[in-house]
J.: 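Could you have a look at this structure, given as structure tokens, before my questions?
Every value quoted in this text rests on a predicted model; they were computed, and no experiment measured them. So you know, we letter chains A, B, ... as the sequences are listed, proteins then strands, and number each from 1.
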Amino acid sequence: MLKQEAEGHACRGINTLITSTSLGPDGRPLRGLGGISMEQKIISGVQAAVKALYGLDADASQVQLQKTKAEFEGHLTVVVFPFVKVARKSPEQVGQEIGQFLLDNASDVVAKFNVVKGFLNLVISDAQWIQLLNNINADDKFGFTQATDKSPLVMIEYSSPNTNKPLHLGHVRNNLLGAALARIVEANGNKVVKTNIVNDRGIHICKSMLAWLKYGNGETPETSGKKGDHLIGDYYVAFDKHYKAECDELVKKYVAEGMGEDEAKEKAKQEAPLIKEAHEMLVKWENNDPEVRALWRKMNEWVYAGFDETYKMMGVSFDKIYYESETYLEGKEKVMEGLEKGFFYRRDDNSVWADLTAEGLDEKLLLRSDGTSVYMTQDIGTAKLRFQDFPIDKMIYVVGNEQNYHFQVLSILLDKLGFKWGKDLVHFSYGMVELPNGKMKSREGTVVDADDLMAAMINDAYTASADKLKKAEMSEEEAREVARKVGLGALKYFILKVDARKNMLFNPEESIDFNGNTGPFIQYTYARIQSILRKAAEQNIAIPAVLPANVEISVKETELIQKLNAFTTALRQAGTDYSPSGICNYCYELTKEFNQFYHDFTILGETDENKKVFRLVLAQAVAKVVSLGMGLLGIEMPSRM
RNA sequence: GGUCCGGUAGCUCAGUUGGAUUAGAGCAACAGCCUUCUAAGCUGUGGGUCAAGGGUUCGAAUCCCUUCCGGAUCACCA
């Protein structure tokens with residue numbers, strides 16, 4: 001008991017993570033990387049080809065289109081194996097025939113083709129690429145789908161802190177994932193409501209309050225200069241320290257009286273005066289004792305002020321915040337309703353249970369024998385309130401993977417109770433952030449504090465860029481702002497690039513990298529492009545909205561356009577898979593591709609005016625798309641660094 | 001023990017509902033490239049039994065089965 005309470009197990013967003021048992025994609029994205037219209041044309045071209053050549057009515061899904069491997073000539077590749085059987089010919093022959101058909105019937109798109117084994121490689125015409133680039137440029141929100149009145153309303157719950165201690169690295173992962181997910185879901189054409197359920201009541205709060213009363217001497221955030229959440233966290237730790245001392249004392253006494261050690265420990269945990277006092281305080285709180293309530297309100301306000309600062313720095317926000325103190329009684333009614341309908345049953349001791357053995361699960365307690373609610377009951381109550389407030393079509397809970405079982409059960413219960421979104425609720429289950437020595441443990445002082453971490457990252461970024469920024473004659477204020485964007489960009493990218501389901505490792509000894517596959521790498525590329533665009537403006541080079549179709553473009557350049565266009569599928573995929581890391585990977589690939597181009601080609605130095613303008617347009621498009629992608633992750637782009 | 005999730009290079013991670021005789025990045029190591037649009041960059045070298053075994057098929061890191069290892073969870077805690 002001591003351990004759990006000391007760890008403040010209550011809150012959801014804590015240091016854990018993983019698995020997605022209930023992620024349910026709705027709607028299949030197109031495969032491949034060619035971009036909708038171009039890809040569509042080829043798919044229907046192939047369909048027409050197999051119909052004409054072999055009399056086969058192929059479904060679009062049978063046409064497997066993929067990006068051509070680098071070692072072969074071409075942009076898009078059709079896998080012909082699925083048609084070999086009907087055609088009764090060799091894969092090579094089938095490839096040749098389909099390729100020729102496309103060349104004859106879709107020459108505006110397909111310029112050339114070659115066949116290697118069962119793979120038909122298509123070379124797309126330059127004009128198509130230019131058109132694609134023009135399309136990308138014409139759309140400020142390229143790849144985004146605008147929500148309409150008919151769009152489903154998706155509610156995303158994330159963060160969900162306890163109010164007895166400051167946010168730590170585990171919360172950071174939760175918050176960054178939740179905020180990114182909200183943007184990604186919204187960019188895929190859904191209405192989104194971001195919500196937060198604050199665990200503002202319970203024994204853990206009472207511990208902080210009690211310790212503050214006993215040892216605080218009236219200390220406030222103002223008198224101490226501490227952030228409110230840290231102040232309260234300190235008293236939580238203080239409680240723990242004194243409580244532990246009391247326990248040790250008692251154990252000695254009990255053992256001296258002849259009790260076995262284990263038994264003595266158990267008894268001490270319950271009999272220590274401090275914990276008894278805390279429980280008394282909780283009872284007073286529940287009975288609306290004015291003094292306890294007033295203290296509780298005051299201390300929570302301190303914590304919220306602290307959280308607000310942290311949230312602001314992280315760049316996360318909520319549309320609607322629920323407080324457990326206001327919702328924890330709500331679930332009872334629903335449970336009673338379910339009891340009447342026979343979904344649940346009452347035991348002899350008066351407790352209420354749900355029997356889920358038919359679903360392959362256990363029996364689950366919903367109301368204690370004294371009639372009070374448990375965690376599950378509260379989530380049912382919160383669901384009820386939320387559904388009263390919003391016409392929810394889909395609910396996503398961003399909660400650590402340690403609670404997989406809880407959400408599996410919740411889904412079944414909500415479904416039984418008639419919530420239409422209950423059955424398909426998504427538990428976005430993410431993995432733990434581990435330290436080299438294992439889990440974070442507040443009692444062992446190994447917790448990585450969110451505020452400290454962000455400050456350290458910004459500081460590192462400032463140090464790393466000091467020389468360069470001085471050279472760029474940047475003001476101190478500007479330099480600080482760049483450092484903020486870069487430091488936080490590094491942190492956010494570091495966390496978001498890892499598949500959310502997996503546990504991830506954070507080593508506080510090694511600072512987060514600014515080189516390689518990192519946020520700053522991507523930001524740097526963006527800044528370089530902005531620099532070029534500024535110089536272009538200085539030279540009065542006009543960048544047209546629409547490029548003429550007669551520019552000759554190189555392979556590297558078509559690859560870049562192809563990669564730009566792949567943002568569409570990356571975004572859609574991230575939306576159906578609930579995968580911020582997919583956006584990270586995409587941004588990295590695009591950036592890496594651009595850096596190679598930047599290195600091998602000159603833009604402003606190009607003497608052919610048409611090419612120069614084309615490359616400027618291309619660079620501008622890369623900056624736009626990369627900024628859109630990173631924006632989804634909550635990462636800001638500095639225009640110089 | 002039941003259930004769920006993971007296991008890919010020394011380290012941290014990708015690998016798009018199975019696809020191209022050589023499974024990719026980054027870090028770390030080593031070697032190159034700044035009088036030329038920002039070197040937080042680019043290029044190259046070394047580094048792998050995709051935990052192990054079996055199966056499915058034209059084709060498997062990817063799907064199925066078994067085993068091994070790690071994690072989570074199965075409370076009148078939240």
J.: With heavy atoms under 4.0 Å as the rule, sort A/Val116 into base, sugar-phosphate or nothing.
T.: base

J.: Under 4.0 Å between a side-chain N/O of A/Arg501 and OP1 or OP2 of B/G71, yes or no?
T.: no

J.: Under the salt bridge (charged side-chain N to carboxylate O under 4.0 Å, His left out) test, which residues partner A/Arg484, sequence neighbours left out?
T.: A/Glu481, A/Glu636

J.: What's the gap between B/G48 and B/C4 when it is taken at their C1' atoms, as a whole Å value?
T.: 29 Å

J.: When rounded to the nearest Å, what value does the distance between P atoms of B/A28 and B/C37 take?
T.: 26 Å

J.: How many whole angstroms separate atom CG of A/Asp362 from atom P of B/G1?
T.: 17 Å

J.: B/U16 C1' sits how many Å from A/Phe567 CZ, rounded?
T.: 15 Å

J.: Going by heavy atoms in the side chains, are A/Leu410 and A/Ile380 under 4.5 Å from each other?
T.: yes

J.: Need one value for A/Asn507: base, sugar-phosphate or nothing, where a base atom within 4.0 Å counts as base even if backbone is also close, heavy atoms only.
T.: nothing

J.: Which is more 5' along RNA chain B, the nucleotide nearest A/Pro82 or the one nearest A/Gly360? Just name the residue.
T.: A/Gly360

J.: State whether A/Lys364 and A/Glu359 are salt-bridged, where the test is any N-O pair (Lys NZ or Arg NE/NH1/NH2 against Asp/Glu carboxylate O) under 4.0 Å.
T.: no

J.: What's the closest nucleotide to the A/Lys502 side chain, out of B/A20, B/U16, B/G6?
T.: B/G6

J.: How are the rings of A/Phe119 and A/Phe81 set relative to one another: parallel (under 30°), tilted (30 to 60°) or perpendicular (over 60°)?
T.: perpendicular

J.: Does a side-chain N-to-carboxylate-O contact under 4.0 Å join A/Arg501 and A/Asp499?
T.: yes

J.: Want to settle it: does A/Tyr405 or A/Gly582 sit nearer the 5' end of RNA chain B, counting the closest nucleotide to each?
T.: A/Gly582

J.: Could you check whether the rings of A/Phe407 and A/Tyr397 sit parallel, tilted or perpendicular, using 30° and 60° as the cut-offs?
T.: tilted

J.: Taking atom C1' in both B/A31 and B/U21, what distance in whole Å separates the two?
T.: 30 Å

J.: Starting the side chain at C-beta, find the nucleotide from B/C13, B/A20, B/A78 nearest to A/Met504.
T.: B/C13

J.: Among B/A20, B/A78, B/C4, which is the nearest nucleotide to the side chain of A/Asn404?
T.: B/C4

J.: Using atom P of each nucleotide, how far apart are B/U73 and B/A78 to the nearest Å?
T.: 16 Å

J.: Partners of A/Asp460 by side chain to side chain contact (heavy atoms under 4.5 Å, CB included), sequence neighbours excluded?
T.: A/Ser511, A/Phe514

J.: Taking only residues two or more places apart in sequence, or in another chain, which ones meet A/Pro436 in a side chain to side chain contact (heavy atoms under 4.5 Å, CB included)?
T.: A/Asn507, A/Pro508

J.: Please verify the inter-ring angle class for A/Trp296 with A/Trp285; under 30° counts as parallel, over 60° as perpendicular, anything in between as tilted.
T.: perpendicular

J.: With side chains defined as the heavy atoms from C-beta onward, is the minimum distance between A/Asn199 and A/Ser160 less than 4.5 Å?
T.: no

J.: Give me, pair by pair, the N or O atoms of the protein and of nucleotides 45-47 of chain B that are less than 3.5 Å apart, along with how far apart they are.
T.:
none

J.: Out of the candidates A/Leu488, A/Ile512, A/Val486, only one should pair with A/Met457 under the side-chain contact (heavy atoms from CB on, under 4.5 Å) rule; please name it.
T.: A/Ile512

J.: What is the distance, to the nearest angstrom, from the CD atom on A/Glu402 to the C1' atom on B/C74?
T.: 14 Å

J.: Distance between the C1' atoms of B/A25 and B/U16, in whole angstroms?
T.: 16 Å

J.: Looking at the angle O4'-C1'-N9-C4 for a purine or O4'-C1'-N1-C2 for a pyrimidine, is B/C34 syn or anti, with syn meaning within 90° of 0?
T.: syn

J.: Please report the distance, rounded to the nearest Å, between CE in A/Met376 and P in B/C74.
T.: 10 Å

J.: Could you give the CG-to-P distance, from A/Leu356 to B/U3, as a whole number of Å?
T.: 17 Å

J.: Rounding to an integer number of angstrom, what distance separates B/G7 and B/U62 when you compare their C1' atoms?
T.: 14 Å

J.: At 4.0 Å (heavy atoms only), tell me whether A/Thr77 reaches a base, stays on the sugar-phosphate, or touches nothing.
T.: base

J.: Find the distance A/Ile205:CD1 to B/C77:C1' and express it as a whole number of Å.
T.: 14 Å

J.: Distance between the C1' atoms of B/U8 and B/A60, in whole angstroms?
T.: 14 Å

J.: What pattern of brackets, bars and dots sums up RNA chain B from 5' to 3', given Watson-Crick or G-U wobble pairs under 3.5 Å, [ ] for crossing pairs and | for another strand?
T.: (((((((..((((.....[....)))).(((((.......))))).....(((((..]....))))))))))))....

J.: Once each nucleotide of nucleotides 24-40 of chain B is scored for protein heavy atoms under 4.0 Å, what B/S/- sequence comes out, 5' to 3'?
T.: -SSS---------BBSB

J.: Expressed in angstrom and rounded to an integer, what is the separation of A/Gln64 atom CD from B/C58 atom P?
T.: 14 Å

J.: Is the A/Phe597-A/Phe594 ring centre distance short of 6.0 angstrom?
T.: yes

J.: Could you work out the separation of B/C27 and B/A40 based on their C1' atoms and round it to a whole Å?
T.: 14 Å

J.: How many whole angstroms separate atom CZ of A/Arg88 from atom P of B/C58?
T.: 16 Å

J.: Scan A/Asp460 against the nucleic acid and name what it touches under 4.0 Å (heavy atoms): base, sugar-phosphate only, or nothing.
T.: nothing

J.: I'd like to know if A/Glu609 and A/Lys612 make a salt bridge, using a cut-off of under 4.0 Å between side-chain N and carboxylate O.
T.: yes

J.: Measure the shortest side-chain to side-chain distance between A/Met637 and A/Gln530 over non-hydrogen atoms and say whether it is less than 4.5 angstrom.
T.: no

J.: So if I take every side-chain heavy atom of A/Gln596 and compare against B/U43, B/A14, B/G71, which nucleotide ends up nearest?
T.: B/U43

